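Read the structure below first, then the notes.
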Amino acid sequence: MSAPLTALRHFPGSFSVRPKGDLRGGGRRPVADVVRDLSRYRARYRTDGAFLGQVASSAAEFVYYRRLAAAAWGLGRGTLALNHGTVPHPSYARIADVLVTFEGTWETYRTSPLPPWTGTGARPCHLVYGVPAGVDPAAVRERGADLHCAVPGVGDHPWGTLPHTLEPA
């Protein structure tokens with residue numbers, strides 16, 4: 001399970017501790033293929049939610065994601081997270097529980113202004129990598145994230161590391 005998915009499990013009262021299926025490919029995959037993967041994840045791993053990665057953020061692609069969300073809810077998904085990596089059109093908040101409105105390096109996160117999230121309904125999440133030891137997790141929450149995952153990893157797969165706060169002492 002990827003670190004962002006693991007992180008979603010560490011918010012008391014937010015979600016169950018069951019795994020979420022992590023699907024990539026965004027709008028480049030036929031809806032039927034994504035729905036088949038959702039069904040397989042549910043059967044094989046007993047997932048009760050889905051984390052869709054590489055999700056478009058404009059209103060033009062919204063209909064595709066609305067179809068995916070309807071399929072996910074129809075399969076009994078308890079939690080749906082969409083990873084846009086940036087602030088999406090507010091309509092996406094109507095179809096998901098969690099929207100990843102930032103994904104990037106600590107340096108970018110720390111120094112760049114983040115567009116405000118103006119949607120209602122979904123909880124904004126920030127996924128930050130390359131985070132140095134000693135950074136207070138409150139620094140992420142102060143930037144408008146209800147949920148977050150901040151890991152020290154860098155490179156092609158930064159999510160292969162645990163957040164500093166979850167590392168063994």
Side-chain angles (χ1 to χ4, degrees), residues 1-26 34 37-38 41-42 44-57 65 68-69 72 77-90 92-93 95-169:
M1 182 177 304
S2 67
L5 298 180
T6 302
L8 287 176
R9 297 169 56 186
H10 294 284
F11 295 92
S14 299
F15 300 101
S16 72
V17 293
R18 295 175 53 98
K20 312 298 175 215
D22 186 4
L23 301 172
R24 304 282 169 179
V34 177
D37 284 349
L38 286 167
Y41 272 63
R42 183 171 178 87
R44 184 176 296 158
Y45 304 110
R46 296 184 184 175
T47 60
D48 68 349
F51 182 98
L52 302 179
Q54 301 174 350
V55 174
S57 58
Y65 292 100
L68 286 181
R77 296 295 173 189
T79 302
L80 179 62
L82 302 178
N83 182 359
H84 306 276
T86 188
V87 174
H89 187 274
Y92 287 91
I95 63 170
D97 299 298
V98 175
L99 298 178
V100 177
T101 60
F102 177 87
E103 181 175 3
T105 66
W106 172 250
E107 186 61 27
T108 300
Y109 190 73
R110 189 176 65 74
T111 60
S112 300
L114 297 178
W117 170 240
T118 58
T120 58
R123 299 175 73 181
C125 175
H126 296 169
L127 304 178
V128 187
Y129 52 88
V131 178
V135 170
D136 183 355
V140 179
R141 285 188 295 276
E142 290 169 2
R143 304 249 15 222
D146 284 352
L147 306 170
H148 71 277
C149 181
V151 299
V154 295
D156 291 339
H157 183 59
W159 306 113
T161 59
L162 287 173
H164 292 291
T165 57
L166 297 178
E167 291 176 347

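Source: prediction; values computed, not measured.
Within the structure, the salt bridge (Lys or Arg N to Asp or Glu O under 4.0 Å) test picks out no pair touching residues 148-158 (sequence neighbours left out).
Considering only heavy atoms from C-beta on, His164 comes within 4.5 Å of Pro152 through its side chain. Under the 4.5 Å side-chain criterion, counting only non-hydrogen atoms from C-beta, Phe102 is not in contact with Pro124.
Between Phe51 atom CZ and Thr79 atom OG1 the span is 12.5 Å, to the nearest 0.5 Å. The distance from the SG atom of Cys125 to the CH2 atom of Trp117 is 12.5 Å, given to the nearest 0.5 Å. Between atom OH of residue Tyr129 and atom NE2 of residue His157 there is a gap of 12.5 Å, rounded to the nearest 0.5 Å.
The heavy-atom pair separating Val87 from Pro115 by the smallest distance is CG2-O, 3.5 Å. Of all heavy-atom pairs spanning Cys149 and Pro163, the tightest one is SG-CG, 4.2 Å. Minimum interatomic distance between Leu99 and Ala122 (heavy atoms only, all atoms of both residues): CG-CB, 3.7 Å. Between Gly130 and Val154, the closest heavy-atom pair is CA-CG1, 3.7 Å.
Each of Val151, Asn83, Thr101, Leu147 was scored for a side-chain contact (heavy atoms from CB on, under 4.5 Å) with Leu127, with one residue passing: Asn83. Among Leu52, Asp97, Val98, Val100, the single residue meeting the side-chain contact (heavy atoms from CB on, under 4.5 Å) criterion with Leu82 is Leu52.
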Test log, rule side chain to side chain contact (heavy atoms under 4.5 Å, CB included), inputs Tyr41 and Leu38: CA-CA 5 Å; Tyr41 272 63; Leu38 286 167; 5.9 Å; no
Check against side chain to side chain contact (heavy atoms under 4.5 Å, CB included), His84 and Tyr65: CA-CA 11 Å; His84 306 276; Tyr65 292 100; over 6 Å; no
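For Val135, the side-chain contact (heavy atoms from CB on, under 4.5 Å) partners at least two apart in sequence or on another chain are Trp106, Val131, Pro132, Ala139.
Counting only distance, with no hydrogens or angles, the side chain of His148 and the backbone of His126 share no donor-acceptor pair below 3.5 Å. The closest donor-acceptor contact from the side chain of Thr111 to the backbone of Glu107 lies under 3.5 Å.
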